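Structure first, commentary second.
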Amino acid sequence: MFFHVLTLFPDMIRDGFTTSILGRAAEKGILSLEAVNIRDYTKSRHKKVDDYPYGGGAGMLMQAQPVYDACQAVIEGIQTRKKTAGEEKVRVIYLTPTGQVFSQQLARELAREEDLIFLCGHYEGIDERVLQRIVTDYVSIGDYVLTGGELPAMVMMDAIARNVPGVLGNEESAQTESFDDGLLEYPQYTRPEIWEGERVPEVLLSGDHAKVEEWRLEKSLAKTKEVRPELYESWAESHQEYFVKKAKKEERLR
Ligand SMILES: NC(=O)c1ccc(NCc2ccccc2N2CCOCC2)nc1
């Protein structure tokens with residue numbers, strides 16, 4: 001997986017990439033990152049990348065030309081690496097509050113791409129004409145406003161990388177599987193068995209894996225029902241058999 005980030009703050013991206021998972025995966029050669037400084041592609045003497053918005057309004061906008069040329073340079077690099085000329089349709093993800101909201105499902109889908117280009121806006125955004133020309137996916141990481149697209153890009157790269165085969169050791173990947181079934185995580189415990197007078201739930205010390213699995217699913221369902229009822233409802237719809245079995249079991253116990 002090759003991550004390409006178009007940004008005015010490449011160091012922010014490079015520093016963010018050396019975290020545990022992304023750094024290790026980069027060392028393993030599973031991931032690679034290039035952070036491209038859009039400012040390197042300005043044609044103006046004063047390295048200008050922004051200008052006033054037509055129609056007035058507060059703030060500045062990023063101009064089309066430097067963004068377009070930086071993106072073309074990245075695409076040419078990809079075509080050179082893949083020895084394909086011209087037919088590459090690389091996904092260009094624009095991080096913006098007006099995008100579709102990012103999700104684990106989108107992370108899994110994007111993890112199948114070989115190359116991803118992230119376009120990080122600053123100021124009040126980017127000239128619409130270059131967005132229409134190069135952007136394939138408009139994505140928001142949630143309903144809040146940030147200063148730039150760099151943090152959202154790093155959030156997305158982390159979530160996507162965790163779905164790239166080989167990035168997570170097998171002990172870590174089990175963790176994400178449980179979340180992937182659309183439920184919130186169950187509560188977790190580690191040593192000591194008693195901390196500040198609080199004991200670890202007995203079932204987790206029992207060594208009975210079936211009971212542990214059952215307990216964890218119950219806890220996940222309870223937490224999901226309380227915190228994210230819409231997730232709970234859609235899980236319940238596609239797991240009718242769980243409730244039938246549960247009712248039968250309770251019937252027997254009565
Ligand atoms: N939720 C998100 O994914 C998210 C993403 C980016 C972002 N900001 C950079 C930005 C990028 C593009 C357009 C506008 C802006 N903004 C600039 C600052 O002013 C508001 C608009 N904020 C939140």
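As the structure is a computational prediction, the values presented were derived from the model and not from experiment. Ligands are counted one by one from 1 in listed order, and the atoms in each one are counted from 1 as well.
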Provide, to 0.1 Å, the distance between [atom] and the closest protein heavy atom, together with that atom's residue and name.
atom                    : value
atom 12 (C) of ligand 1 : Tyr94 OH, 3.0 Å
atom 17 (C) of ligand 1 : Tyr123 O, 2.9 Å
atom 3 (O) of ligand 1  : Ile141 N, 2.9 Å
atom 23 (C) of ligand 1 : Tyr144 O, 3.2 Å
atom 20 (C) of ligand 1 : Val145 CG1, 3.3 Å
atom 1 (N) of ligand 1  : Gly142 O, 2.8 Å
atom 21 (C) of ligand 1 : Pro97 CG, 4.2 Å

Fill in: Ring center gap for Trp235 and Tyr242 short of 6.0 angstrom
yes
Practice prompt. Could you say whether the N/O atoms of Leu146 and ligand 1 ever approach to under 3.5 Å?
Written response: yes
Item to complete: Could you list which atoms of ligand 1 come closer than 4.0 Å to a heavy atom of Glu124?
Response: 14 (C), 19 (O)
Worksheet item: At a 4.0 Å threshold, what atoms of ligand 1 neighbour a non-hydrogen atom of Leu95?
Response: 5 (C), 6 (C), 11 (C), 12 (C)
Discussion item. Once you restrict to heavy atoms under 4.0 Å, what part of Ser140 touches ligand 1? Side chain, backbone, both or neither.
Written reply: both
Practice prompt. Would you mind checking if Lys82 and Glu114 are paired as a salt bridge, meaning a charged N to carboxylate O distance below 4.0 Å?
Written response: yes
Worksheet entry | Test side-chain contact (heavy atoms from CB on, under 4.5 Å) applied to Tyr41 and Val36, Val67, Val49, Leu6, the passing residue | Val36
Practice prompt. Give me the one residue out of Asp137, Thr7, Ile126 that meets side-chain contact (heavy atoms from CB on, under 4.5 Å) with Leu119.
Written response: Ile126
Worksheet item: Does a donor on one side chain sit under 3.5 Å from an acceptor on the other, for Gln79 and Thr84?
Response: no
Item to complete: Would you kindly say whether Thr98 and Thr96 are connected by a side-chain donor-acceptor distance under 3.5 Å?
Response: yes
Item to complete: Give a yes or no answer on whether the side chain of Ser206 reaches the backbone of Val203 with a donor-acceptor pair at less than 3.5 Å.
Response: yes
Worksheet item: Tell me, do Glu230 and Tyr232 make a side-chain contact under 4.5 Å, heavy atoms counted?
Response: no
